[in-house]
Amino acid sequence: MLTLTAATWLVRLAAGYLLAGLVFSLPFVLRWAGRLDPVAAHGTRGFRLLILPGAVLLWPLLAFRLLRGDTAPPMERTAHRRNRP
């Protein structure tokens, strides 16, 4: 059973994660999304509003890709792609 103290810390951790995601995602959506996807550089305000929740939740992955300097979208690894000549 989860104690009240553990539950409080769990909620605080989740709130901190979401706050950090919001702080990261605002500049990401406005400026940095075009670095990871060239099509996103020409996105409308509606598009940017749509990707905001995903950027808030996936901010560690997006930050890692930005810091690594990835400019191309990741290649999916499927059996079909592996067996192509």
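Within the model, atoms CH2 of W59 and CG of L19 stand 10.0 Å from one another, a figure rounded to the nearest 0.5 Å. Atoms CG and CZ, from D37 and R65 in turn, are 8.5 Å apart once rounded to the nearest 0.5 Å.
More than 12 heavy-atom neighbours from other residues, nucleotides or ligands sit within 6.0 angstrom of CZ on R68. The neighbour count for R77 CZ, taken as heavy atoms of other residues, nucleotides or ligands under 6.0 Å away, does not exceed 12.
When the side chains of ILVMFWY residues are joined at heavy-atom separations under 4.5 Å, either directly or via intervening members, V23 and L49 end up in two distinct hydrophobic clusters. L10 and L18 are not part of a single hydrophobic cluster, where members link through side-chain heavy atoms under 4.5 Å apart.
Of all the heavy atoms in V56 and Y17, the pair that sits closest is O-CE2, 4.4 Å. Closest approach of L62 to A55, counting heavy atoms only: CD1-CA, 3.7 Å.
The side-chain heavy atoms of S25 and L22, taken from C-beta on, include a pair separated by under 4.5 Å. Side-chain contact between F28 and L66: present, with at least one pair of heavy atoms (C-beta onward) separated by less than 4.5 Å. Counting heavy atoms from C-beta outward, T3 and T8 have side chains that stay 4.5 Å or more apart.
Judged purely by atom type and a 3.5 angstrom limit, T44 uses its side chain to pair as donor or acceptor with the backbone of F47.
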